[in-house]
Amino acid sequence: MTNAQGGLRGWAAGRKGALSRLRFTSLRLRLVVVFGLVALTAAVSASGIAYWLNREAVLTRAQDAVLRDFQQEMQNRAAALPVHPSQDQLQHTAGQMANSSQRFSVLLVAQDAGGKTVYGNSGGLNGFVMEDVPKSLRAAVDRKQSPSSDNKASYHLYWQRIDEHGSPYLVAGTNVIGGGPTGYMLKSLEPEAKDLNSLAWSLGIATGLALIGAALLAQAAATTVLKPVHRLGVAARRLGEGKLDTRLRVSGTDELADLSRTFNNAAEALEKRVADMAARDEASRRFVADMSHELRTPLTAITAVTEVLEEELESEAGGIDPMIEPAVRLVVSETRRLNDLVENLMEVTRFDAGTARLVLDDVDVADQITACIDARAWLDAVDLDAERGLHARLDPRRLDVILANLVGNALKHGGSPVRVSVRAADHEIVIEVQDHGPGIPEDVLPHVFDRFYKASASRPRSEGSGLGLSIALENAHIHGGGITAANSPKGGAVFTLRLPRDASALAEEAGKKDPGKGNASKGGAR
């Protein structure tokens, strides 16, 4: 049963593949159809013309021979009869005339000495009779013509083709010149009709063979043309997948070969351009990383000094001259800001280089959020709606970074109180951070996660580094989650963080992600 099902599935798959190659939008099918229509039109036209010409030639040749023989018999035999022959004479003469080389039936009509119309035919009582002659032909034969310079005879020979019971016949009639009986002839055209039918069948078979040949030629031509196009499509898809070393084999000097050469040149130029961009990007990342490392040493010393100055500022003894106190406070603030910027640049560099790693632990989400808020003295400005006991396997440090950036951004740019709610959905944890501020302008929403993006050009300088939301988003991505920003219908901005309940399966893959992916999700403060 299994083998039968497998064979049925294989047959269905093969049939589906064949149908997909011959779909109505397929260029191959359209080429075959066009070739077939052209061949069919040409073959039918040629066959029709050939049949018509041969039909006329066959019928004319047969007709001329019969009429010529009949006319000769009328002149030789019927003209030898007396003006008023008897029926026996007519019968005998009709039989003689019928024995000519063309073998036609004869009917002679005349008046005997008593003025009675008598008939004589070549087939006896059941032979050729007057009713077999069309009335129009009889009228034409009996009509006396006026003599002219071209034809001085008063009566002419007339003929007509008729069908009797599906069989074709030739009927002709004339009067004996100078007086005598009227003669009619009936000749079957069945042999000629059979010949013409055989010719029609032959032409039909030839048309069918021409159509099949055209379809095969179209298939061969389509294969010749479309095979390089198919290879080009496959190469283009591979190039789109990032396989920049894809090249086409070029053979010949036709247009398709030129197209393949153009593709290869474009692919080579693209590979070189991407390599140059990657080298410059790597150099930029290395420069930022080296610069950040180099800045950490002097910043450590500066930070230590500013901490001493800050202690002097807070001391009751008043060790700082009131005249320079504002400058000292500015140095302390800017040093702290510079230190945060360097740390953020170091973190961004790790994301871009793909060296960021998760250190997972079992985390109580509510306790982690509470610890984050408490460590930054935000308890009075934040409302927490989270049930205890909701656990997830995450990186606690990176979760703290995400929460600190989202809540801090809401407090700085939104309005208090900031509400943080947590809920479980399927296999993920959903954390929403909502403020009560004016919300995010619609033109700013697409850029809130851009690095160093400033919502207002008039405020190019702010307390933040402009990398907070970017780092938060990267930390969410490395867990296999994400962050979205929107405006609440009730007012204020809402940032929604989604993280998997267990990031273990994603830790290795997220840690090895393409650095370009990190660049594609850049972000900054609102």
Engineer: Can you tell me how far CD1 of Ile402 sits from CZ of Arg397, rounded to the nearest 0.5 angstrom?
Structural biologist: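 Output value for this atom pair is 10.5 Å.
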Engineer: What pairs of residues pass the side chain to side chain donor-acceptor pair (under 3.5 Å) test when at least one of them lies in residues 37-50, not counting sequence neighbours?
Structural biologist: Ser47-Thr207
Engineer: For a 4.5 angstrom cut-off between non-hydrogen side-chain atoms, does Asp400 reach Arg376?
Structural biologist: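 In contact.
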Engineer: Just jot down the side chain to side chain donor-acceptor pair (under 3.5 Å) partners of Asp361, sequence neighbours excluded, or say none.
Structural biologist: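 Asp361 satisfies side chain to side chain donor-acceptor pair (under 3.5 Å) with no residue once adjacent residues are dropped.
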Engineer: Quick check for you: to the nearest 0.5 Å, what is the distance between Leu259 atom CG and Leu248 atom CG?
Structural biologist: 8.0 Å
Engineer: Could I get the full list of side chain to side chain contact (heavy atoms under 4.5 Å, CB included) partners for Glu56, not counting sequence neighbours?
Structural biologist: Trp52, Thr60
Engineer: With a 4.5 Å limit on heavy-atom distance, are the side chains of Glu432 and Val420 in contact?
Structural biologist: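 No - every pair of side-chain heavy atoms lies 4.5 Å or more apart.
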Engineer: Would you say that Val418 contacts Asp383 through its side chain, given a criterion of any heavy-atom pair below 4.5 Å between the two side chains?
Structural biologist: no
Engineer: Go through the structure and list residues passing side chain to side chain donor-acceptor pair (under 3.5 Å) with Asn265, not counting sequence neighbours.
Structural biologist: none
Engineer: Output all residues satisfying salt bridge (Lys or Arg N to Asp or Glu O under 4.0 Å) with Arg231, sequence neighbours left out; order by chain, then residue number.
Structural biologist: none
Engineer: Contact between Asp362 and Leu394 at the side-chain level, heavy atoms closer than 4.5 Å - yes or no?
Structural biologist: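 Side chain of Asp362 against side chain of Leu394, heavy atoms only: no contact under 4.5 Å found.
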Engineer: Show the atom names and distances, to 0.1 Å, of all donor-acceptor pairs under 3.5 Å that link a side chain in residues 483-497 to residues at least two apart or in another chain.
Structural biologist:
{"residue": "Asn487", "atom": "OD1", "partner": "Ile440", "partner atom": "N", "Å": "2.7"}
{"residue": "Asn487", "atom": "ND2", "partner": "Ile440", "partner atom": "O", "Å": "2.7"}
{"residue": "Ser488", "atom": "OG", "partner": "Gln434", "partner atom": "NE2", "Å": "3.2"}
{"residue": "Ser488", "atom": "OG", "partner": "Lys490", "partner atom": "N", "Å": "3.3"}

Engineer: Run the side chain to side chain contact (heavy atoms under 4.5 Å, CB included) test against Thr246 and tell me which residues pass, sequence neighbours left out.
Structural biologist: Ala235, Arg238, Lys243
Engineer: Distance from Asp374 atom CG to Asp367 atom CG, nearest 0.5 Å?
Structural biologist: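 With rounding to 0.5 Å, CG (Asp374) is 11.5 Å from CG (Asp367).
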Engineer: Hey, are the side chains of Leu390 and Arg501 touching, using non-hydrogen atoms and a 4.5 Å cut-off?
Structural biologist: yes
Engineer: Under the side chain to side chain contact (heavy atoms under 4.5 Å, CB included) test, which residues partner Ser167, sequence neighbours left out?
Structural biologist: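 If we apply the side chain to side chain contact (heavy atoms under 4.5 Å, CB included) test to Ser167, skipping adjacent residues, the hits are Tyr169, Glu190.
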Engineer: Using atom types as modelled and distance alone, determine if a side-chain donor or acceptor of His479 lies under 3.5 Å from a backbone N or O of Leu499.
Structural biologist: no
Engineer: By side chain to side chain contact (heavy atoms under 4.5 Å, CB included), which residues pair with Leu216, not counting sequence neighbours?
Structural biologist: Ile212
Engineer: Where is the tightest heavy-atom contact between Pro500 and Gly481, given as atom of each residue plus distance?
Structural biologist: CD-N, 4.2 Å
Engineer: Are Leu399 and Ile369 close enough, and set up right, to give a side chain to side chain contact (heavy atoms under 4.5 Å, CB included), and what steps lead you there?
Structural biologist: CA-CA 9 Å; Leu399 178 59; Ile369 296 174; 6.0 Å; no
Engineer: Nearest 0.5 Å, please: how far is CG in Asn475 from CG in Asp395?
Structural biologist: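 Interatomic distance, Asp395 CG to Asn475 CG, rounded to 0.5 Å: 7.5 Å.
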Engineer: Might you point out which heavy atoms bring Arg247 and Ala267 nearest each other, and give the distance in Å?
Structural biologist: NH1-CB, 3.5 Å
Engineer: Hey, are the side chains of His391 and Ile429 touching, using non-hydrogen atoms and a 4.5 Å cut-off?
Structural biologist: no
Engineer: Provide the closest heavy-atom pair for Val363 versus Pro396 in the form atom of the first, atom of the second, distance.
Structural biologist: CG2-CG, 3.7 Å
Engineer: What's the spacing between Trp378 CH2 and Leu403 CG if we round to 0.5 Å?
Structural biologist: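 It is 9.5 Å, given to the nearest 0.5 Å.
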Engineer: Give the intermediate values and the outcome of salt bridge (Lys or Arg N to Asp or Glu O under 4.0 Å) for residues Asp435 and Lys412.
Structural biologist: CA-CA 10 Å; Asp435 60 50; Lys412 183 185 301 181; over 6 Å; no
Engineer: List in chain and number order the residues that pass side chain to side chain donor-acceptor pair (under 3.5 Å) with Glu192, two or more places apart in sequence or in another chain; answer none if no residue qualifies.
Structural biologist: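 For Glu192 there are no side chain to side chain donor-acceptor pair (under 3.5 Å) partners, ignoring immediate neighbours.
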Engineer: Under the side chain to side chain donor-acceptor pair (under 3.5 Å) rule, collect the residues that match up with Asp385, sequence neighbours excluded.
Structural biologist: Arg419
Engineer: State, yes or no, whether a side-chain contact exists between Glu271 and Asp245 at a heavy-atom distance under 4.5 Å.
Structural biologist: yes
Engineer: What do you reckon, is CG of Asp380 surrounded by more than 12 foreign heavy atoms closer than 6.0 Å?
Structural biologist: no
Engineer: State whether Arg423 and Glu428 are salt-bridged, where the test is any N-O pair (Lys NZ or Arg NE/NH1/NH2 against Asp/Glu carboxylate O) under 4.0 Å.
Structural biologist: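 Here Arg423 does not pair with Glu428 in a salt bridge, since their nearest N and O are not under 4.0 Å apart.
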Engineer: Listing request: all salt bridge (charged side-chain N to carboxylate O under 4.0 Å, His left out) pairs with a residue in residues 258-268, at least two apart in sequence or in separate chains.
Structural biologist: Asp258-Arg261
Engineer: Grab the two heavy atoms, one from Ala404 and one from Cys372, that are nearest each other, plus how far apart they are.
Structural biologist: N-SG, 3.7 Å
Engineer: Which heavy atom of Ala472 sits nearest to which heavy atom of Asn405, and what is that distance?
Structural biologist: CB-CB, 4.1 Å
Engineer: Within this structure, what is the CD1-CG distance for the pair Ile478 and Leu473, rounded to the nearest 0.5 Å?
Structural biologist: 12.0 Å
